Amino acid sequence: MKLTQGCFSYLPDLTDDQIYKQVQYCLTNGWAVNIEFTDDPHPRNTYWEMWGLPMFDLQDAAGVMMELAECRRVYGDRYIRISGFDSSHGWESVRISFLVNRPKQEAEFELVRQEVNGRATRYTTVRKATQHAAP
């Protein structure tokens, strides 16, 4: 199952050239760029680990791409995403976020329905147990 989270999630995975262009777009707009990684991509897990500090005042996406290459080298078996943060008045929020690395075995989730009082229904997203293929 391909995890769909962030911009471009329904498209094929971005190439490094496409990632470079998206990062350059962020920098051209004056947004801080950061790299994050996790092994728990649950939709409500907003606390991904940061790779270094957010990169402010960069002019060229090459610096971000060097950091991404190093992050992939160390955490290539995890999800890695890039975010562009707009600190301008009125926004002060993440404007773009997209996955740039996925593990070979993607996490799988299922929706669990629970009927409660008054015919109300609650839904919970639960991570399925991983199944390892036999060698």
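Since we're looking at a predicted model, the values are computed, not measured.
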* Just wondering, do W51 and N34 contact through their side chains at under 4.5 Å, heavy atoms? -> no
* Minimum side-chain heavy-atom gap L58-V33 below 4.5 Å -> no
* Salt bridge check: are K104 and D77 linked by an N-O gap of less than 4.0 Å? ->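 Judged by the 4.0 Å cut-off on N to carboxylate O distance, K104 and D77 do not form a salt bridge.
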* For N29, enumerate each residue passing the side-chain hydrogen bond (donor to acceptor under 3.5 Å, both in side chains) test, keeping only those at least two apart in sequence or located in another chain. =>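 N29: no side-chain hydrogen bond (donor to acceptor under 3.5 Å, both in side chains) contacts found.
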[X] [atom1] to [Y] [atom2] distance, which is reported to the nearest 0.5 Å:
X    : Y   : atom1 : atom2 : value
S83  : M50 : OG    : CE    : 9.0 Å
R81  : E36 : CZ    : CD    : 4.5 Å
D16  : K21 : CG    : NZ    : 12.5 Å
N101 : L14 : CG    : CG    : 12.0 Å
I82  : C7  : CD1   : SG    : 12.0 Å
W31  : M55 : CH2   : CE    : 15.5 Å

* Test log, rule side chain to side chain contact (heavy atoms under 4.5 Å, CB included), inputs R95 and F85 -> CA-CA 6 Å; R95 293 285 293 259; F85 182 84; over 6 Å; no
* Work out which heavy atom in A62 is nearest to a heavy atom in Y20; give both atom names and the distance. => N-CE1, 3.6 Å
* **Minimum-distance pair of heavy atoms, taken over all atoms of I96 and C26** =>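 Nearest heavy atoms, I96 then C26: CG2-SG, 3.3 Å.
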* Connected via hydrophobic side-chain network under 4.5 Å: L68 and V94 -> no
* Answer with yes or no whether the hydrophobic clustering places Y25 together with F98; edges join I, L, V, M, F, W, Y residues whose side-chain heavy atoms lie under 4.5 Å apart. =>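 Per the 4.5 Å side-chain linkage, Y25 and F98 are co-clustered.
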* What do the steps show when you test T15 against D17 for side-chain hydrogen bond (donor to acceptor under 3.5 Å, both in side chains), and what is the final call? -> CA-CA 5 Å; T15 65; D17 185 51; 5.2 Å; no
* Check whether more than 12 heavy atoms from other residues, nucleotides or ligands sit under 6.0 Å from atom CG of L11, and answer yes or no. =>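 Yes, the 6.0 Å shell around CG holds more than 12 heavy atoms from other groups.
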* Kindly check if the number of other-residue, nucleotide or ligand heavy atoms within 6.0 Å of CD (Q114) is above 12? => yes
* Stepwise, does the side chain to side chain contact (heavy atoms under 4.5 Å, CB included) test hold for D86 with E92? -> CA-CA 5 Å; D86 183 357; E92 298 162 337; over 6 Å; no
* For T38, which residues count as a side-chain contact (heavy atoms from CB on, under 4.5 Å) partner, sequence neighbours excluded? -> D40, N45, W48, Y79
* **Audit row: V100, R72, side chain to side chain contact (heavy atoms under 4.5 Å, CB included) steps and yes/no** => CA-CA 9 Å; V100 294; R72 282 177 170 163; 4.0 Å; yes
* To do: For the pair Q24 (side chain) and I19 (backbone), establish whether a donor and an acceptor sit closer than 3.5 Å, ignoring hydrogens and angles.
  =>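 No: the side chain of Q24 does not pair with the backbone of I19.
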* Could you check L99 against F8 for side chain to side chain contact (heavy atoms under 4.5 Å, CB included), going step by step and ending with a plain yes or no? => CA-CA 8 Å; L99 293 176; F8 321 117; over 6 Å; no
